[in-house]
Amino acid sequence: MTPSDPFALDDNPPPSSPSEPQPIGDPSWLAGLNPEQRQAVEITDGPVLVLSGAGTGKTRVLITRLAYILGKRLAQPWQILAVTFTNRAAREMRERVGGLVGPMAESLWLGTFHALGVRILRKHGELVGLKSNFTILDSDDQLRLLKQVMEADGIDHKKWPAQVVLSVIQRWKDKGLTPDRVTPSMAGDLAAGRAVDLYRAYQERLITLNATDFGDLLLHCLTLFQDHAEVLQEYQDRFRYILVDEYQDTNVAQYLWLRLLCQKHRNLCCVGDDDQSIYSWRGAEVGNILRFEKDFTDAKVVRLERNYRSTPTILAAASALIDHNEDRLGKTLKPAGESDSEDAPVTVKGVWDGPEEARWVIEEIEALQTKGESLSSMAILVRAGFQMLEFEERFITTGVPYRVVGGPRFYERLEIRDAIAYLRCITTPTDDLAFERIVNKPKRSIGDTTVQKIHVYARSAGLSLMEAALRLTETDELRAQTRKALTTLIGDMSRWRSLRDGLSPADLAAQVLDESGYTEMWMKDTSPEAPGRLENLKEFVGGLEEWDTIGAFLEHVSLVMENDSKAGDEAVTIMTLHGAKGLEFDTVFLPGWEEEIFPHRRALDDGGGAAVEEERRLAYVGLTRARKKVSISYAANRRVYNQWQASLPSRFISELPNEHIENISDNGLMGSFGEGQSEGFSDGWGGGSSWPKARGRKAPVIEGDSWQVEARESSGGYAVGMRIFHQKFGYGIIQSVDNTRLEIAFDKAGDKKVIDSFVEPA
DNA sequence: CGTATATATCTTTTT
DNA sequence: GATATATACG
């Protein structure tokens, strides 16, 4: 945050000792607030709905409100429930409240819905059939479990992909529907009309495994509260004040959860912005905002419309864009500050293709850096994860430091999940999913047939897989070889288990990975990614050092799937638009504004305008992340799958107000689609064309009124033996040519297969 | 049971 | 192009 930012709490800590609550009305708390913000803080009695636009200081309101309640001694910290949407937001909030009220902040009930749900279920889970050490399945485990259930039920998994069924089940859970509450009409003919049965069977399997999925963390809470009034009452009594952040992204189950908990004291404060609702695909219901006013007729509504973040130009652009949505409560953002000389227009840049776009963005970044801008004040926000790759490559070649937030998630990597499965087997011998995952990793001659045998036996005898396996090794059911392998594995497991108390989690993990042969497996692996995997395993063991017990670590893993990115580094941030919600930067780059990418194809396919409206809200979120400058860009050609495809500028670009937009597209790329504009790069090695990288690639030809890219099969003049340069791999010699695919022996990077468009003659 | 080869599907977005 | 699953063969 810049020093001039009115919300820069961190830069202006309250003068007095942070451990002592300050007197009420202390200017350093309230004086900085505008009248609406102040209202949102001071109306502590009864339900309050705060509709707060982007950049209107909603986080500050929440934090001040918490501090205010504590400072006024309206409640003890453990009597306050504060719910956020992400772990990151929870962490930040705790830190900032701690800055105001001191260590008291530690005892707040503050976290995500899911984390708080776990906390409750760990304590009262027995009442809904869960032992307190239940495990939380990640999406991969969920899918495998459902597949098993479907197989047992004889459902054709070709016709009804488990993924589809799973997402339907999850929707039901998001709505707070247990299997007995799903009506046949909701299930339709999904999975041959057996969807509800599958749901029920899936839930039963989860309970026998003593496991939950993400949805259950809330769903079980609801059943718990409904069936056990005394438990509900305990929490209703406790929570005198409830605060909810990102309220527009709550789903029905979460809403019901909140409504049950706040019934006694009715001091519920929800903060949200319908224009920033971007999680409907996860079951979020903007309708919860309307429902709030209906269910709490005495609710006070406070609107925060003064934007302290962005320049008037950016606000005008964002407002004009979101105005194209039909379905909104209607809310205008007013610039709070006076417009200054730095009020630059929003730029729109059209370029030839993806790599060109990345090149341009990073040139701009370097230019800003030369002017003295900090890299950490800039961000590239993309629609989907795969768009990050092109930028990463360019960052690597230019050497500009960058930081990927929420990219491929660490704990979701194959090798990490394997390592975790080992730990789970040790802590919880009944964890069948974990056991199944690692029985044959590394190869122990325990193949599918053996696993099937174990399964059958476990089911009939009502045992866990590990127990069943142990019993089977005492028989002659299995081949001598596999019997021996199983015996060793199970013996190892119990040996490691007995070591658990004597060793730190990190040491234990290191020993397990070593003795199981898991590390060795990857060391012997010659595939290019093996070294990286070993590296990750090392990092994994290193990360374990911070944990005292394996249990605590596993809990962390299942709830916090994000990387703890070391912030503060001087680096450009690159992340998805979803990940960027709630953040702000001086300069924001918004690449890939093309039809089918943004709005995403799936949103366009999805019939009605609702999906596109959500995409538009996403665009709105992107624009409003910027304090000073927004750069939108799009490419005329994009490589999708393995083919080049022409693309059209996003409809969102044409929805931006002309007077606030500066078009800086390269020649012929903007506003002239369908006209004969392709001179300069129509063929081959277009010498002085402005498309140096386009040579030898595909030539655009006009067909009808849309761009078509001719699939040229020539290799653009590359031949075996030629010396070339590649941005990522450096110099090398061409070994073979197959249409556009080249095999190249690089001086440093070794043999690689690359696409001709990524190399140039050396 | 393991390995090699073919093939289908893929790309939203996250707790 | 990459990854996961299916099939054939040793």
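Both backbone and side-chain heavy atoms feed into the values below; hydrogens, waters and symmetry mates do not.
Pairs of Watson-Crick or G-U wobble type, with distances under 3.5 Å, assemble into runs of 3 or more in DNA chain C at these ranges: B:1-10 with C:1-10.
Taking atom CD of A/E246 as the reference point, atom C1' of B/dT13 lies 15 Å away to the nearest angstrom. A straight line from CD of A/Q387 to P of B/dC10 spans 19 Å, rounded to a whole angstrom. The separation between A/F85 atom CZ and B/dT14 atom C1' is 8 Å, rounded to whole Å. Going from atom CG of A/L137 over to atom P of B/dT15 covers 17 Å, rounded to whole Å. What separates NE2 of A/H600 from P of B/dT11 is a distance of 9 Å, to the nearest Å. Counting to the nearest Å, the C1' atom of C/dT3 and the CD atom of A/E415 are 15 Å from each other. A/L414 places its CG atom 14 Å from the C1' atom of C/dA2, with the value rounded to the nearest Å. What separates CZ of A/R638 from C1' of B/dT11 is a distance of 13 Å, to the nearest Å.
Listed by first and then second residue, the side-chain hydrogen bond (donor to acceptor under 3.5 Å, both in side chains) pairs involving residues 161-171 of chain A are A/Q142-A/Q170 (not counting sequence neighbours).
Listed nucleotides: B/dT14, C/dT5, B/dG2. Nearest to the side chain of A/K443: B/dG2. In the set C/dT5, B/dT11, B/dT15, the nucleotide with an atom closest to the side chain of A/K147 is C/dT5.
One finds a salt bridge joining A/D213 and A/K173 here, because a Lys/Arg side-chain nitrogen approaches an Asp/Glu carboxylate oxygen to under 4.0 Å. Remark: A/R617 does not engage A/D275 in a salt bridge, criterion side-chain N to carboxylate O under 4.0 Å. Look at A/E285 and A/K175 and you find a salt bridge, because one of the NZ, NE, NH1 or NH2 atoms lies within 4.0 Å of a carboxylate O, short of that distance.
Here A/S139 does not reach the OP1 or OP2 of B/dT14: none of its side-chain N or O atoms lies under 4.0 Å away. Residue A/K441 places no side-chain N or O under 4.0 Å from the OP1 or OP2 atom of B/dG2.
Position along DNA chain B of the nearest nucleotide to A/H578 versus A/T482 favours A/T482 as the more 5'-ward residue. Ranked by how close their nearest DNA chain B nucleotide is to the 5' end, A/G579 and A/N440 are led by A/N440.
A stacked arrangement is not assigned to A/F386 and the six-membered base ring of B/dT11, the conditions of a centre distance below 5.5 Å and an interplanar angle below 30° not being jointly met. Ring-to-base geometry does not place A/Y279 in a stacked arrangement with B/dT13 (centre distance under 5.5 Å, plane angle under 30° required).
Legend: residues meeting salt bridge (Lys or Arg N to Asp or Glu O under 4.0 Å) with A/K441, ordered by chain and number and at least two apart, are A/D418.
Relative to the six-membered ring of A/F134, A/R122 meets both conditions, a distance below 6.0 Å and an angle of at most 45° to the axis.
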Verdict with reasoning, A/F85 to A/Y279, per ring-ring contact (aromatic ring centres under 6.0 Å, His included): CA-CA 11 Å; A/F85 203 63; A/Y279 283 98; 5.1 Å; yes
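Ring centroid separation for the pair A/W257 and A/Y255 does not come in under the 6.0 Å cut-off.
Within 4.0 Å of A/I278, counting heavy atoms only, lies no atom of the nucleic acid at all. Backbone-only contact: A/G385 has heavy atoms under 4.0 Å from sugar-phosphate atoms and none from a base.
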